[in-house]
Amino acid sequence: MDKIYWPKEKITKGDLLLYYEKVAKWILPHLKDRPESMRRFPDGITGASFFQKNLLQHPDWVETAPINQVNYLMIQNEESLLFAANLGCIELHPFLSRVGKLKYPDYVIFDLDPKSASFEKVIEVAKTIHDVLDEIKVPSYCKTSGATGLHIAVPLGAKYTYDTAKRFAELIAKIVQKKIPQISTLERSLSKRKGKVYIDYHQNNMGQTIAAAYSVRARPKAPVSTPLKWEEVKKGLDPTAFTMKTIFQRLKKFGDLFAPVLKKGANLELALKN
DNA sequence: GCAGAAG
DNA sequence: CTTCTGCAACGCTGC
DNA sequence: GCAGCG
Ligand SMILES: [Mn+2]
Ligand SMILES: [Mn+2]
């Protein structure tokens with residue numbers, strides 16, 4: 001329990017458990033009924049890590065979902081959240097869809113990966129995506145990934161298949177890339193990205209996952225994937241300011257800015273006519 | 001972090 | 001008994 | 001077909 005997980009910051013496994021206990025109320029709606037991919041760091045962020053999807057053994061009060069011979073953990077309540085954290089799971093990477101409607105994602109994801117590009121460029125790309133979606137009256141929501149990029153979600157209300165979601169994401173990504181070719185790219189090859197922000201729309205596949213809102217990341221300062229207001233997405237935004245420690249001030253002030261992502265979905269047919 | 005296999 | 005090992009996966013893209 | 005990518 002006192003095992004050090006973040007050596008520099010002297011954050012312990014106990015602190016991690018405490019964090020997830022406190023944030024449970026906020027994160028659980030984003031995890032419930034979703035097959036989970038756990039990213040585990042049993043020896044802290046400087047130790048070996050691995051993803052785990054297949055849960056071979058677990059107490060019977062932990063719910064799992066068998067999908068293609070893989071027994072996925074589902075984090076349905078505080079107990080199972082702490083069960084995962086106790087396994088050294090720092091990062092939670094849930095499916096975009098829920099069991100019962102597994103083939104229908106609740107949202108589209110644009111995953112902005114800067115690699116060598118500056119965060120300032122990431123902000124510009126995010127704003128452009130927001131503008132393009134605004135123009136066709138499609139609501140979108142932004143969060144820090146907790147690492148170096150941003151995630152933009154478009155709620156779909158589980159009305160469309162992954163294929164439709166991905167094709168929509170691809171269409172928007174191509175429009176955006178054309179508008180700002182100097183700073184954005186759809187190039188999958190790292191060497192060809194060259195200081196540009198990668199607009200990754202390929203995450204919109206069944207079985208693909210991204211870090212959940214309010215998931216901690218195994219990086220210095222224990223940053224948290226943090227939902228933002230669009231007016232905060234501007235030059236000067238510092239994604240590392242949102243951490244295990246500081247997130248609760250925001251939650252108190254703004255509540256869950258990502259709650260709408262789970263609610264009413266966009267009407268893509270209508271949007272594409274605009 | 002833990003089960004199961006290998007040594 | 002102690003020590004080692006695995007623990008995601010899959011669809012796409014471009015050579 | 002194979003490697004890189006996330
Ligand atoms: Mn990313
Ligand atoms: Mn990505």
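In this text, all values refer to a predicted model and were calculated from it rather than measured experimentally. First the proteins, then the strands, lettered A, B, ... as listed; each starts at 1.
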is_close_aromatic(Y214(A), F242(A)), centroid dist under 6.0 Å: no
Phosphate contact (dG1(B) OP1 or OP2) by K3(A) side-chain N/O below 4.0 Å: yes
Quick one: is dT13(C) close enough that its OP1 or OP2 comes under 4.0 Å of any side-chain N or O from K192(A)? no
Closest to the H202(A) side chain: dC12(C), dA9(C), dC5(D)? dC12(C)
Looking only at side-chain atoms of V70(A), point me to the closest of dC12(C), dC2(B), dA9(C). dA9(C)
Is there side-chain contact between K22(A) and F248(A), with heavy atoms separated by less than 4.5 Å? yes
Quick check for you: to the nearest 0.5 Å, what is the distance between N86(A) atom CG and R40(A) atom CZ? 9.5 Å
Using the C1' atoms only, state how far dC5(D) lies from dA8(C), rounded to an integer number of Å. 14 Å
From CG of D43(A) over to C1' of dC7(C), roughly how many Å is that when rounded to an integer? 14 Å
note: M206(A), atom CE; dC10(C), atom C1'; distance rounded to Å ~ 12 Å
Rounded distance (Å) that lies between atom C1' of dC7(C) and atom CE of M38(A): 9 Å
At under 4.0 Å, does any side-chain N or O of Q57(A) touch on OP1 or OP2 of dG4(B)? yes
With rounding to whole Å, what would you report as the distance between dG6(D) and dC7(C) at their P atoms? 22 Å
Are the ring centres of F51(A) and H93(A) closer than 6.0 Å? yes
Which is true for L56(A) with a 4.0 Å heavy-atom rule: it touches a base, it touches only sugar-phosphate, or it touches nothing? nothing
Which nucleotide wins on minimum distance to the side chain of F50(A), given the candidates dC7(C), dG6(D), dA9(C)? dC7(C)
With a non-hydrogen cut-off below 4.0 angstrom, is Y5(A) in contact with a base, only sugar-phosphate, or nothing? sugar-phosphate
If only side-chain N and O atoms of K13(A) are considered, is one of them under 4.0 Å from the OP1 or OP2 phosphate oxygen of dG1(B)? yes
D200(A) CG to dT13(C) P, straight-line distance once rounded to whole Å: 12 Å
Before accepting this row, confirm whether a basic side-chain N of the pair R167(A)/D163(A) lies closer than 4.0 Å to the acidic partner's carboxylate O. yes
Determine: side-chain N/O of K53(A) to OP1/OP2 of dC10(C), distance under 4.0 Å, yes or no. no
Send over the distance from F51(A) CZ to dC10(C) C1', rounded to a whole Å. 14 Å
Just the rounded figure in Å: distance from P of dG11(C) to CG of D163(A). 12 Å
Figure out the CZ/P separation between R40(A) and dC2(B), and round it to whole Å. 8 Å
Can you say whether a donor on the side chain of R188(A) sits under 3.5 Å from an acceptor on the base of dG14(C), or the other way round? no
Distance check, rounded to the nearest 0.5 Å: L92(A) atom CG versus R217(A) atom CZ? 10.0 Å
May I have the distance from Q52(A) (atom CD) to dA8(C) (atom P), rounded to whole angstrom? 6 Å
Taking only side-chain nitrogens and oxygens of R193(A), does any of them come within less than 4.0 Å of OP1 or OP2 of dG6(D)? yes
